[in-house]
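Encoded as structure tokens, the structure appears first; notes follow it.
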Amino acid sequence: KIEGELKEMKNSKELYEFKNLYLEGKKSKISELMKEMGKLAPEERAGYGKSVNELKTWAFDRFADMEEKMKKLELQHRYERERIDLTVPAQPAKIGNLHPVTLVRNQLIDIFAGMGFEVFEGSEIETDYYNFTALNTPQDHPARDMQDTFYLSPEFLLRTQTSAGQIHVMEKKQPPIKILSPGKVFRSDDDATHSPMFSQMEGLVVDKGITLGDLKGMLDVFVQKIFGEGVTTRLRPSYFPFTEPSVEVDVSCFECGGKGCSLCKGTGWIEVLGAGVVNKRVLENCGIDSEEYSGFAFGIGLERIAMLKYGINNIKLLFNSDLRVLEQINEK
Ligand code: PHE
């Protein structure tokens, strides 16, 4: 009977229970056989005891034997279960990529750093003086409405332009000045191409004999590096209180080569930034001699550049954190 059941044993737990039933403790089958001895005639006891003991030894050996076999078998099963297949292809590790606006910012910093610009980070909270007054924007000037401003108090506001940083730099340092100032700006504006918060990159150069020609030459190099060789710039007259003359800078359409397409709305040109020769008044406001020095400044909207460069038609796509959009723009 023991043999029969032993063959059925599947694991060492079953075996252990089976062994208990037959061999261990007072209630085991072996103990019961021993108890039977009392009922026998004295002359039969010796023979009976001997055979029960033989049975016991035999059963112990069989169990020990089985136990060893079970352990080996179980170890074997475990090895098979836990075997590592080194030839299975690895799951590709998912790594993130930089946000398009960060990409553009890094690219611009690289380009301008290569021309000798230093980075100056201004602050997002400004006073009316730095954001407007020192930039030659009088109290009642329409420019203050033009850029609908978020006021924090009568004195403090969220800067509407990185140009505010120009004043901080020029107050602290005499020319030569060559700075680049990237950062967030805020305007109460909200549609497909405007967001209440967006990013700008300001550039400012002040030195002896700086002219609009220097600005144009530098911008040509810049647009070729960002949009590709062969593109050129065109300056159109514009107005900013802090530059005189002021210009709106267009780049020849990199999509159609200037022939006219949907991106440039058939004109062959795309507006990319505002710039100009630093207004003498602004230099004087900062204690820089406007007879001796002159300069140029420019302000680039980073979201706008990212939208043009990567073909994004709604600025909100840059702020929604939708991975389906962001993962498509994956470059260094
Ligand atoms: N600050 C201007 C704007 O936000 C851009 C600009 C910067 C124009 C520097 C001229 C010079 O529209």
Side-chain angles (χ1 to χ4, degrees), residues 101 104-105 108 112 117 119-124 126-138 141-150 157-170 177-189 193-207 210-216 218-219 222-223 233-251 270-283 285-286 288 290 293-305 307 315:
V101 174
V104 165
R105 191 193 62 200
L108 295 201
F112 285 109
F117 283 76
V119 173
F120 166 83
E121 299 226 22
S123 49
E124 289 166 14
E126 274 295 358
T127 61
D128 185 85
Y129 177 77
Y130 286 96
N131 196 78
F132 290 123
T133 311
L135 286 164
N136 194 38
T137 318
H141 199 282
R144 292 187 193 231
D145 301 330
M146 215 164 75
Q147 306 179 342
D148 293 310
T149 309
F150 290 115
L157 47 81
L158 293 177
R159 69 174 169 195
T160 62
Q161 47 189 356
T162 45
S163 303
Q166 286 187 28
I167 307 300
H168 289 286
V169 171
M170 288 191 283
I177 289 169
K178 214 170 176 185
I179 58 107
L180 197 61
S181 187
K184 294 188 176 99
V185 299
F186 306 85
R187 293 178 197 180
S188 144
D189 237 355
T193 51
H194 296 87
S195 155
M197 185 284 288
F198 63 104
S199 318
Q200 278 190 334
M201 176 114 42
E202 192 85 3
L204 173 70
V205 174
V206 185
D207 206 343
I210 298 290
T211 69
L212 197 65
D214 296 314
L215 171 72
K216 161 97 170 133
M218 190 215 65
L219 288 175
F222 156 66
V223 296
T233 59
R234 166 176 94 169
L235 307 186
R236 276 183 296 110
S238 183
Y239 172 76
F240 300 102
F242 35 91
T243 46
E244 182 57 39
S246 300
V247 293
E248 212 75 67
V249 180
D250 294 343
V251 60
I270 303 166
E271 186 191 319
V272 287
L273 58 101
V277 171
V278 181
N279 193 309
K280 282 177 184 284
R281 289 218 191 142
V282 175
L283 294 177
N285 286 343
C286 302
I288 290 174
S290 63
Y293 294 107
S294 59
F296 65 74
F298 58 88
I300 310 173
L302 298 187
E303 282 79 5
R304 180 159 171 76
I305 301 290
M307 287 167 76
I315 195 169

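These numbers come from the heavy atoms of this one structure, side chains and all, not from hydrogens, waters or symmetry mates. Start at 1 and go down the list; that is how both ligands and their atoms are numbered. From a predicted model like this one, the values you see are computed outputs, not experimental measurements. Residue numbers start at 1 and run along the sequence shown.
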Under 4.0 Å to a heavy atom of [X] - the qualifying atoms of ligand 1, by number:
| X | value |
| --- | --- |
| Gly274 | 6 (C), 8 (C), 10 (C) |
| Gln161 | 1 (N), 2 (C), 4 (O) |
| Ala297 | 9 (C), 11 (C) |

Exercise for the section: Give me the ring orientation class for Tyr130 and His168: parallel if the planes are under 30° apart, tilted from 30 to 60°, perpendicular past 60°. Expected result: parallel
Would you check whether [X] has a nitrogen or oxygen atom less than 3.5 angstrom from a nitrogen or oxygen atom of ligand 1?
| X | value |
| --- | --- |
| Gln200 | yes |
| Ser163 | yes |
| Glu202 | no |

Problem - Euclidean distance, Phe117 CZ relative to Met201 CE, rounded to 0.5 Å - result: 11.0 Å
Problem - Modelled atom types, side-chain donor and acceptor of Gln200 and Gln161, under 3.5 Å - result: no
Practice task
Answer yes if the side chains of Glu202 and Ser181 hold a donor-acceptor pair under 3.5 Å, and no otherwise.
Solution key: no
Completion exercise
Counting heavy atoms under 4.0 Å, the part of Arg187 that contacts ligand 1 is side chain
Handout entry: Shortest non-hydrogen separation from Phe132 to Leu157 and the atoms involved
Key = CE1-CD2, 4.0 Å
Handout entry: Lys/Arg N to Asp/Glu carboxylate O, Arg304 vs Glu271, below 4.0 Å
Key = no
Exercise for the section: Please state whether Phe242 comes within less than 4.0 angstrom of ligand 1, counting heavy atoms only. Expected result: yes
